[in-house]
Q: 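Could you have a look at this structure, given as structure tokens, before my questions?
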Number of protein chains: 2
Amino acid sequence: MSQTSRSTPATLHDVAREAGVSLATASRSLNGSTRKVNEAYRQKVLEAAARLGYTPNLSAQAVARGTTTTVALLVADIADPYFSSIAAGVVGQADREQLIVTMAETERDPARELELVRAMRGQRPRVMILASSRRADDPAAEALQAELTAYEQTGGRVVFITATDSPFRTVTLENREGARALATRMLDLGYLRFGALTGPAGLRTAEDRIAGFTEGLVAGGSDLPADRTARCAFTRDGGYAGMRELIDRGLGDTQLVFALNDVMAMGAMSALRDAGLAPGREVAVAGFDDIPTVRDVTPTLTTVRLPLEEVGERALRLALAESDDESGAPVPTEVIVRDSTPRLTD
Amino acid sequence: MSQTSRSTPATLHDVAREAGVSLATASRSLNGSTRKVNEAYRQKVLEAAARLGYTPNLSAQAVARGTTTTVALLVADIADPYFSSIAAGVVGQADREQLIVTMAETERDPARELELVRAMRGQRPRVMILASSRRADDPAAEALQAELTAYEQTGGRVVFITATDSPFRTVTLENREGARALATRMLDLGYLRFGALTGPAGLRTAEDRIAGFTEGLVAGGSDLPADRTARCAFTRDGGYAGMRELIDRGLGDTQLVFALNDVMAMGAMSALRDAGLAPGREVAVAGFDDIPTVRDVTPTLTTVRLPLEEVGERALRLALAESDDESGAPVPTEVIVRDSTPRLTD
DNA sequence: ACCGCATGGGAAAACGTTATCTCACTTCCG
DNA sequence: CGGAAGTGAGATAACGTTTTCCCATGCGGT
């Protein structure tokens with residue numbers, strides 16, 4: 001009972017011996033093979049396995065079967081609610097599909113992303129989901145595409161979560177359309193003078209959102225003047241810094257600042273507050289994504305809802321789908337007006 | 001160039017043939033073995049590998065070597081900032097150690113946790129990190145412990161992230177001490193009448209924090225009356241519901257509510273606001289964990305800082321450490337006073 | 001000149017599975 | 001009663017690696 005000495009895990013061999021059957025029969029009994037096996041034998045094997053605490057070695061199964069049950073997930077930053085929500089969706093769906101997910105963090109660096117894709121290929125995952133953000137000026141983009149194409153040629157499935165269309169299966173996020181709808185809605189609320197935190201140059205998500213927002217404004221007869229925008233990192237601290245810069249440059253009569261995503265918006269609101277300005281009252285703020293916490297900030301944040309967890313689920317389902325063009329409808333976005341953008345009544 | 005037909009990944013065999021060397025030499029060239037290999041041969045192999053786009057099959061390596069490079073991580077809920085911060089730490093450290101992390105979600109269900117541990121054992125991970133929360137009344141606890149012990153006997157390493165001491169390596173969270181320090185500090189600020197959201201019955205983390213908080217209050221001559229506490233789920237919505245219940249029962253002269261963790265505190269503050277009460281001014285609120293977003297809520301939240309990302313890193317390092325009793329010092333906690341608990345001056 | 005002895009390549013056995021292929025045995029039909 | 005046709009267990013060849021072992025070669029020492 002108190003065997004504290006280190007041993008090795010029980011193998012199928014052990015189980016077969018213990019049950020007094022052949023290796024083949026043991027294997028057939030423990031996983032569902034097409035072949036039938038005598039119920040009496042089957043019982044013996046099952047009992048033996050339980051007695052020995054046998055767990056099949058997934059690596060060995062992978063080698064023998066030539067396929068794994070792994071899905072590889074690449075995100076920019078796990079601690080960011082945007083990515084962790086997507087990850088939660090992927091992991092949940094994977095669990096339902098009896099798959100295992102392995103995760104890695106690109107830290108928003110394209111070179112690192114490429115490196116990680118290479119490394120992950122070693123696992124021979126069934127699926128690779130790339131939620132990490134695309135850049136327009138990515139020098140590693142070609143190499144990445146080549147790597148992924150090679151991966152697909154060996155039977156893998158690539159799914160991107162992004163707005164830009166890629167040569168791979170894609171869960172399409174309507175960043176542009178969502179931002180345009182947001183702009184329209186803000187105009188409806190009476191806003192006229194807009195500013196924005198535009199994120200880092202070259203980041204596709206950022207560019208799409210800004211483009212969509214501008215489009216909406218222009219369509220409504222307004223615009224987004226360059227001197228009311230500031231570049232900044234795509235993070236909470238970036239949002240804080242960007243808003244800080246806007247404030248330092250002089251907000252003028254800016255009525256509403258669009259922050260590109262919710263974490264940036266939250267940083268921006270803090271920057272406003274720290275500068276003695278009341279977000280929502282003196283300067284309205286809008287975000288994008290609808291991460292869970294925006295209901296709990298003050299004022300509650302107006303944003304464009306992206307069903308992130310569902311996005312993760314869809315990504316995996318899409319990867320597993322038979323048909324190649326099952327990408328289906330883009331993910332629905334929805335403008336959600338909250339207290340950070342009150343109706344202007346003057 | 002446009003070979004779109006599906007093929008299989010290049011194997012070491014292919015590389016060896018392409019380079020005109022034996023399998024053994026190819027293997028020795030591509031990973032660092034103890035044996036030296038002629039530089040000319042080595043180059044040929046490396047070139048051949050590059051030409052064929054060879055990536056070693058990790059499963060096969062695992063089978064041949066008898067060990068994997070996998071870290072299994074179990075969390076309760078990936079989308080919860082507490083767990084995603086820990087996960088970020090684990091993934092970051094794993095990356096530095098050239099390890100791969102696979103992740104699963106217990107959804108706070110002990111039965112599920114046991115099931116998952118069983119399933120993960122199939123991967124033969126080098127390390128299993130359990131960040132999912134312990135329960136005092138867990139009916140599956142014995143089975144879990146048996147499973148983990150068996151796992152350790154076969155060479156695996158278990159690390160718990162928790163406050164309760166376990167028979168396994170543990171990153172110790174000083175929930176009790178931190179909560180006690182928080183109580184002391186709140187007394188210093190002039191608070192006298194306390195309430196609390198106590199979380200679900202049986203959850204160790206919750207119990208420890210409440211116990212510590214009560215201790216601190218009692219030590220300071222105050223107390224935590226049962227009629228000012230409410231049970232609730234350990235989530236944002238739980239915090240909201242719990243505070244709602246407290247409000248409905250009548251807050252009386254309660255001056256400060258301790259919410260057990262930050263997401264609950266944020267829910268609680270929203271509940272207060274929705275009831276027309278100003279958190280921080282009319283009722284003070286304190287949390288625990290110091291998740292990133294609490295700097296951005298209004299009022300900013302007083303809490304006990306837990307360096308969550310570092311906790312994740314430490315967990316992995318602890319798992320990998322040679323010595324058995326390297327658990328080291330408990331993770332330092334720090335009370336951080338912010339605007340949600342202003343000094344009482346009446 | 002001969003004998004170790006290090007050096008380093010290659011054949012082949014292992015790792016823990018699955019899947020193919022035998023083959024003994026039953027059953028059923030004419 | 002003989003033979004065809006199932007049935008299902010077991011031996012064994014894979015799967016893609018690593019690693020052990022064997023062996024040819026070259027070199028230094030006596």
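Computed over heavy atoms, backbone and side chain alike; hydrogens, waters and symmetry mates excluded.
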Q: Do B:E115 and B:R118 come close enough that some side-chain heavy atom pair is under 4.5 Å?
A: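 The answer is no; the side chains never approach within 4.5 Å.
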
Q: Any idea which heavy atoms bring B:A10 and A:R124 closest together, and the distance?
A: O-NH2, 4.1 Å

Q: What are the two closest heavy atoms between A:A26 and A:L12, and how far apart are they?
A: CB-CD1, 3.8 Å

Q: Which atom pairs link the protein and nucleotides 24-26 of chain D when you take only N or O atoms and keep those under 3.5 Å?
A:
none

Q: Ignoring hydrogens and geometry, is there a side-chain-to-backbone donor-acceptor pair from A:D14 to A:T11 under 3.5 Å?
A: yes

Q: Quick check: closest heavy atoms across B:T8 and A:T154, and the distance to 0.1 Å?
A: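 Taking every non-hydrogen atom into account, C-CG2, 3.8 Å.
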
Q: May I ask you to decide if B:V158's main-chain N or O and B:E152's side chain share a donor-acceptor pair within less than 3.5 Å?
A: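 Yes, B:E152 side chain to B:V158 backbone: donor-acceptor pair under 3.5 Å.
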
Q: Which letters describe nucleotides 4-16 of chain C, given B = protein heavy atom under 4.0 Å from base, S = only from sugar-phosphate, - = neither?
A: ----BBBB---BB

Q: State whether B:S27 places a side-chain N or O below 4.0 Å from either non-bridging phosphate oxygen (OP1 or OP2) of D:dT17.
A: no

Q: Are any of the side-chain nitrogens in A:R134 or A:E113 under 4.0 Å away from the carboxylate oxygens of its partner?
A: yes

Q: Please give, in whole Å, the distance from D:dT19 P to B:L30 CG?
A: 14 Å

Q: Based on the rotation axes of five pairs at each end, what angle does the helix from C:dA1-D:dT30 to C:dG30-D:dC1 bend through, to 10°?
A: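 It comes to 50° between the two terminal axes.
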
Q: Calculate the interatomic distance between B:N31 atom CG and D:dT19 atom C1'; express it in whole Å.
A: 10 Å

Q: Locate the shortest heavy-atom distance separating B:V127 from B:A319; write the atom from each residue and the value.
A: CG1-CB, 3.4 Å

Q: Testing the basics here: between A:I86 and A:A131, what is the closest heavy-atom pair and its distance to 0.1 Å?
A: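 So the two residues come closest at CG2-CB, 4.4 Å.
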
Q: Under 6.0 Å from the CD atom of B:E39, do we count more than 12 heavy atoms belonging to anything else shown?
A: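 Enclosed.
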
